[in-house]
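Because only heavy atoms are used, hydrogens play no part in the values below, and waters and symmetry mates are left out as well, while side chains stay in.
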Amino acid sequence: MTVTFFQDLPVPEEPRPGRTVRYVPPAWAGAPAHELPAVVHVGQFLHRSRNFVLAVELAKVYSTGCSFNLTWTLRRAQEDDEAWAELNGAFFGHPHSMQPIDRRPFAALLLGVQLADGTKARADSTLHARYPPSTGKQPDPPALVLQNHGGNGGDDEMAGKGSLWLWPLPPPGDIRLVAQWAGLGMPETSITIDGGQLREAAAGAQKYWP
């Protein structure tokens with residue numbers, strides 16, 4: 001084989017890759033990794049009308065808090081293309097929504113919780129769906145974070161899912177879960193969940209590795 005220019009030069013060594021450090025979110029920002037949660041059935045509608053449903057399916061209970069699985073579906077009724085496009089913008093939180101700027105924060109999906117001891121927290125889809133929780137200063141409990149906000153849509157129906165992380169575990173007594181989505185015609189509404197049942201279920205959460 002003919003000797004070429006490059007054969008006379010040493011081949012540089014590839015740099016050894018450094019070890020990647022796994023990001024571990026703070027406890028208030030989400031469920032702990034490497035933990036199998038206990039599951040508590042909820043099965044309640046926060047809203048159910050002729051064309052829109054928002055429901056809480058279940059709660060996944062961990063040692064540090066609990067995550068509520070939410071699902072929502074909007075189906076087309078008599079809306080023309082322009083009205084349906086406007087609903088589409090409200091459903092997916094498009095920035096070009098026709099809502100006036102001063103009303104947009106209240107037109108989006110709003111979620112809140114009131115615990116048996118009277119403390120409250122809120123989670124707004126306009127904030128937590130686009131920006132991950134800060135890893136800075138720990139908020140005063142309780143903290144409520146909307147996660148995995150997404151969905152799909154078509155010409156006659158739109159559907160979405162999300163999870164609502166509540167930290168820490170609630171005290172015994174009733175939890176009032178509150179929701180509002182004015183952009184989809186949903187007024188403020190609420191359901192009640194047994195906080196004591198969630199707290200007891202936490203004993204069934206299992207770590208992957210002791």
Side-chain angles (χ1 to χ4, degrees), residues 25 28-31 40 42-60 65-77 79 82-115 119-134 139 141-167 170 174-193 195 198:
W28 61 266
V40 174
V42 178
Q44 295 189 57
F45 289 104
L46 271 161
H47 183 77
R48 180 166 55 170
S49 66
R50 65 184 180 87
N51 66 332
F52 181 62
V53 164
L54 173 60
V56 184
E57 298 178 329
L58 53 86
K60 295 179 180 179
C66 52
S67 180
F68 299 99
N69 280 22
L70 308 177
T71 183
W72 49 89
T73 301
L74 177 71
R75 65 178 182 178
R76 190 168 183 168
E79 293 85 7
E82 183 178 354
W84 183 246
E86 178 63 19
L87 285 175
N88 190 291
F91 191 91
F92 293 107
H94 295 166
H96 56 266
S97 170
M98 297 297 290
Q99 286 284 345
I101 292 176
D102 60 343
R103 290 178 53 195
R104 286 180 194 172
F106 299 101
L109 172 60
L110 307 179
L111 293 158
V113 67
Q114 181 173 7
L115 306 182
T119 55
K120 300 178 181 179
R122 65 180 285 173
D124 298 358
S125 62
T126 52
L127 298 176
H128 297 298
R130 295 184 177 86
Y131 306 106
S134 168
L144 198 64
V145 181
L146 179 61
Q147 302 172 321
N148 304 327
H149 186 199
N152 57 79
D155 291 337
D156 57 4
E157 185 173 289
M158 292 177 277
K161 289 183 178 291
S163 60
L164 191 63
W165 173 250
L166 172 63
W167 171 88
D174 288 342
I175 297 174
R176 182 170 172 250
L177 187 60
V178 187
Q180 175 183 308
W181 205 337
L184 296 181
M186 175 181 161
E188 182 180 303
T189 183
S190 66
I191 61 173
T192 300
I193 299 172
L198 298 178

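- When all heavy atoms are compared, the tightest approach of Leu198 to Ala59 is CD2-CB, 3.8 Å.
- Considering only residues two or more places apart in sequence or on other chains, Glu157 meets the salt bridge (charged side-chain N to carboxylate O under 4.0 Å, His left out) condition with none of them.
- Evaluation of the side-chain hydrogen bond (donor to acceptor under 3.5 Å, both in side chains) rule for Arg48 yields no partner, not counting sequence neighbours.
- Separation of atoms CG (Leu166) and CG (Leu111) is listed at 12.0 Å; rounding is to 0.5 Å.
- Closest non-hydrogen pair, Gly112 versus Leu177, comes out as O-CD1, 3.4 Å.
- With hydrogens and angles ignored, the 3.5 Å screen pairs a side-chain donor or acceptor of Thr189 with a backbone N or O of Leu46.
- Ala31 meets the side-chain contact (heavy atoms from CB on, under 4.5 Å) test with Tyr62, Trp165; sequence neighbours excluded.
- Leu58 CG to Ser67 OG: the interatomic distance, rounded to the nearest 0.5 Å, is 8.5 Å.
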Evaluation steps, side-chain contact (heavy atoms from CB on, under 4.5 Å), between Leu115 and Val113: CA-CA 6 Å; Leu115 306 182; Val113 67; 3.9 Å; yes

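- Of the inter-residue distances, the one linking Ile175 atom CD1 with Cys66 atom SG reads 5.5 Å to the nearest 0.5 angstrom.
- Between Lys60 and Asn69, some side-chain heavy-atom pair lies under the 4.5 Å cut-off.
- Under the salt bridge (charged side-chain N to carboxylate O under 4.0 Å, His left out) criterion, Arg176 pairs with Glu188, sequence neighbours left out.
- Note: Asp155 CG to Asn88 CG = 10.0 Å, rounded to the nearest 0.5 Å.
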Audit row: Leu146, Leu109, side-chain contact (heavy atoms from CB on, under 4.5 Å) steps and yes/no: CA-CA 10 Å; Leu146 179 61; Leu109 172 60; 4.3 Å; yes

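- Below 30°, between 30° and 60°, or above 60°: for His47 and Phe52 the angle between ring planes is between 30° and 60°, a tilted geometry.
- We find the OG-CD distance between Ser163 and Gln147 to be 4.5 Å, quoted to the nearest 0.5 Å.
- Minimum heavy-atom separation, Pro139 to Trp167: O-CZ3, 3.9 Å.
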Evaluation steps, side-chain contact (heavy atoms from CB on, under 4.5 Å), between Leu54 and Leu184: CA-CA 11 Å; Leu54 173 60; Leu184 296 181; over 6 Å; no

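- Atom-to-atom distance recorded for Gln180:CD and Arg122:CZ is 9.0 Å, nearest 0.5 angstrom.
- Judged as a side-chain contact (heavy atoms from CB on, under 4.5 Å), and not counting sequence neighbours, the contacts of Glu79 are Asn51, Arg76, Ala77, Ala83, Trp84, Leu87.
- With sequence neighbours excluded, no residue satisfies side-chain hydrogen bond (donor to acceptor under 3.5 Å, both in side chains) with Thr192.
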